[in-house]
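Here is the naming used below: chain letters follow the sequence lines, and residue numbers restart at 1 for every chain. Just so it is clear, the structure is predicted and the values come from calculations on it, not from any experiment. Values reported hereafter were calculated over all heavy atoms of this structure, with side chains retained and with hydrogens, waters and symmetry mates removed.
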Amino acid sequence: MGCGRAFTSYHRKVMERKYVRVRFAPSPTGLLHVGNARTALYNWLFARRAGGTFVLRIEDTDLDRSEVRYEAQLMEDLRWLGLDWDEGPVETGGASDEERGKFGPYRQSERLAIYAEHTERLLAEGKAYRCFCTPEELDAERKRAAAWRGQQVYSGRCGRLSSAEIEQNLAAGKPFAVRLKIEDHPLRFHDLVRGEVEFAPEVVSDPILVRSRNYSEGLPSAGPGSGMGVPVYNYAAAIDDALMAITHVIRGDDHISNTPKQVAIYEAFGWRTPEFAHLSTILGPDRERLSKRHGATSISTFREMGYLSEALVNYLALLGWGAEDGKTETFTLDELTRAFSLERVTPSPAIFDFAKLDWLNRHYLKLAAPARLAALAWGYFADRLPSPDACPKPVKDWFEKLLALFVPAVDHLDQLPSKTAFVFGFAPDAARANQENAAVLAADSARIVLAEFANRIRAHEGPVTAEVFKAWIDEIKAATGIKGKELFHPVRIAITGAHSGREFDKLLPIIEDGAALGLGIPSVRDRVERFVGV
RNA sequence: GGCGCUAUCGUCUAGGGGUUAGGACGUGAGAUUCUCAAUCUUAAAACCCGGGUUCGAUUCCCGGUAGCGCUACCA
């Protein structure tokens, strides 16, 4: 296949909007949080559904705040969620040192020359102009405008400078920004989730496209011989979206007010505007924008807490989108891909519900294969188990059984150590000290039951199997007439330290098998003897 | 202040000019279990307010209110 021809025909089809091309364009200034992850997910689903292309672009024009480690983390998080991209930047330290895609580079810091070129064009065509206003002048103007009209717009006075004045300023070495000249007509765009949106031209004012040098210190040169600084977000994003032939811009609704500026940029270049879809904000329980103080928000934190990626993906999909039947709640990525449509995305903001996420996580935890759970949970037991590669098979098997019993009782895997702590060690004094336990143990029946149980333990050889235990319980019940809670609770406390927990017939083998493994796990006999005193 | 977006159970949502306004999470009750969890059954729980259009509005239109966003040479 001739690459050049293939590209040309592909490109033509792209231009005719026969293909869908979307992008996820994060700034590597922090960890990927659920809001952005949901944006990435919707982009990905939309692309996959349409058989289109999902592009990853890194918006790192804010060099003060951008960090390479965040970029790497971001890619790891996307992969963990199962969101693969078709085009994207060369990964620093990644498996491949090849850039994917023909519309690169995919990092804005590597596209500065492209922006500079386009700015020259706008300047030459009179669609943009140099603004020599100082920050102080602008500030004063803003205050005046705010007091007078309640609006803060730029007067556009540098747009009326004569060429002589411009030459003079340039010769004097005055720093300048580049502003777009806004035409006097409403700026409209179509939004797939909100319909037609329109802004009056005067509220947009002549926006800055390129910062002056003063604001671009320490940044890489915009290009050879260029006297300009670094472009602002709205400008770079619009150029990139156009040049990367993005057909649908799906992003957070905090960008709605930015969109008319970008539409004006598209118009200035004579480009066709893409479709937009603005996704609502994710809020915390107090209706404020979701943030760290509400709890976990970054994808990597959820991962560390032992949430399954399919649970998070499912939850995020449901947050702002509903299935067509109005009923289905659980979706695999595959099912989502088939069911998803932007038309069904809700425009209203959504409150992040940790309880529902937990429910979905429990759901997927129950479905997960034992070996996978073992691999995921191992890290939480680093101080109790040998490392996975140095671990004897019997220990591995035992651990899987332990998980099978206790995973259904947790919301996320990091709750496992505390749930299972009593298996690995037994603290009789703490068990007695517990108030609820003390109430149970205070009863005469409890003393009788425990004495009976201890007698049988002493007379017994070998592990206490579920069958042996059952027989003892039946005997004690028959001998003493004690049954139900009065019978079981004291025994449970003597073995586990708590009056509630998993079923004895599954729990006992875990304890007795564990005791035989050399992990320091006390046997049932050890426990009971220590508890009642020998 | 200006501009914009949004508004159905506590939460996520379905629906839509006439409905018993549906589902899910959570909550309450019951069943089961030695107990907890799980599971099953079940209950309570919503159309922001005011006007207009209409025979009829929760649904369409306008206004109000509230929440959120933007209002930077941040992204």
Q) To the nearest angstrom, how far is A/Arg179 atom CZ from B/rA72 atom C1'? A) 10 Å
Q. Starting at CD1 of A/Ile282 and ending at C1' of B/rG69, how long is that distance when rounded to a whole Å?
A. 15 Å
Q: Could you measure between the two P atoms, the one in B/rC12 and the one in B/rC68, and give it in whole Å?
A: 14 Å
(Q) Under 4.0 Å, counting only non-hydrogen atoms across every strand here, what does A/Lys366 touch: a base, just sugar-phosphate, or nothing? (A) sugar-phosphate
Q) What's the CG-P distance between A/Asp358 and B/rA38, to the nearest Å? A) 12 Å
Q) In terms of side-chain heavy atoms of A/His489, which of B/rG69, B/rG22, B/rC34 is nearest? A) B/rC34
(Q) Classify A/Glu486 by what it touches in the nucleic acid, base, sugar-phosphate, or nothing, heavy-atom distance under 4.0 Å. (A) nothing
Q) Can you tell which of B/rC73, B/rA24, B/rU35 lies closest to the side chain of A/Lys485? A) B/rU35
Q. With a non-hydrogen cut-off below 4.0 angstrom, is A/Leu487 in contact with a base, only sugar-phosphate, or nothing?
A. nothing
Q. Separation of A/Trp359 atom CH2 from B/rA38 atom P, in whole Å?
A. 13 Å
**Q.** Spacing between A/Lys470 atom NZ and B/rU33 atom P, to the nearest angstrom
**A.** 13 Å
Q) 5'-most contact on RNA chain B: A/Ala409 or A/Leu283, nearest heavy atom basis? A) A/Ala409
(Q) Counting the atoms with a prime plus P, OP1 and OP2 as sugar-phosphate, which does A/Arg65 contact under 4.0 Å by heavy atoms, base, sugar-phosphate, or nothing? (A) base
Q) Can you tell me how far C1' in B/rC61 sits from the matching atom in B/rU54, rounded to whole Å? A) 12 Å
Q: For A/Asp325, answer base if it contacts any base atom (sugar-phosphate contacts may also be present), sugar-phosphate if it contacts only those atoms, and nothing otherwise; contact means non-hydrogen atoms under 4.0 Å.
A: nothing
Q. Cut-off 3.5 Å, side chains only: do A/Thr119 and A/Tyr235 have a donor facing an acceptor?
A. yes
Q. If we take the C1' atom in both B/rC40 and B/rC5, what is their distance in whole Å?
A. 44 Å
Q: Please report, rounded to the nearest Å, how far the C1' atom of B/rU6 is from the NE2 atom of A/His278.
A: 14 Å
Q | Short side-chain N/O contact from A/Thr61 to OP1 or OP2 of B/rA75, under 4.0 Å | A | yes
Q.
For A/Glu71, is there an ion pair with A/Arg107 - N to carboxylate O distance below 4.0 angstrom?
A. yes
Could you go over nucleotides 9-13 of chain B and give all protein N or O partners under 3.5 Å, atom names and distances?
residue : atom : partner  : partner atom : Å
B/rU11  : OP1  : A/Arg287 : NH2          : 2.8
B/rC12  : OP1  : A/Ile351 : N            : 3.1
B/rC12  : O2'  : A/Leu318 : O            : 2.9
B/rU13  : OP1  : A/Gly320 : N            : 2.8

Q: Report yes if at least one side-chain N or O of A/Arg289 is closer than 4.0 Å to OP1 or OP2 of B/rG69; otherwise report no.
A: yes
Q. Which whole number of Å gives the distance between the P atom of B/rG4 and that of B/rC62?
A. 13 Å
Q) With rounding to whole Å, what would you report as the distance between B/rC34 and B/rG22 at their C1' atoms? A) 40 Å
Q) Could you state the interatomic distance from CD (A/Gln108) to CD1 (A/Ile239), rounded to the nearest 0.5 Å? A) 9.5 Å
**Q.** Set of residues satisfying side chain to side chain donor-acceptor pair (under 3.5 Å) with respect to A/Tyr266, sequence neighbours excluded
**A.** none
Q.
For A/Ser500 and A/Asn234, find the nucleotide of RNA chain B closest to each by heavy atoms; which residue's nucleotide sits nearer the 5' end?
A. A/Ser500
Q.
Tell me whether the NZ or CZ atom of A/Arg130 lies within the 45° cone about the ring axis of A/Phe176 and under 6.0 Å from its centre.
A. yes
(Q) Is a donor from one side chain sitting under 3.5 angstrom from an acceptor on the other, for A/Asp206 and A/Tyr129? (A) yes
Q | Interatomic distance where NZ belongs to A/Lys506 and C1' belongs to B/rU35 [whole Å] | A | 14 Å
Q: Among A/Phe331, A/Phe46, A/Tyr42, find the one that has a ring-ring contact (aromatic ring centres under 6.0 Å, His included) with A/Trp321.
A: A/Phe331
**Q.** Residue pairs involving residues 474-500 of chain A (criterion salt bridge (charged side-chain N to carboxylate O under 4.0 Å, His left out); sequence neighbours excluded)
**A.** A/Arg456-A/Glu475, A/Lys470-A/Asp474
Q: Name the nucleic acid region contacted by A/Leu209, choosing base, sugar-phosphate or nothing; use a 4.0 angstrom heavy-atom cut-off, strictly under.
A: nothing
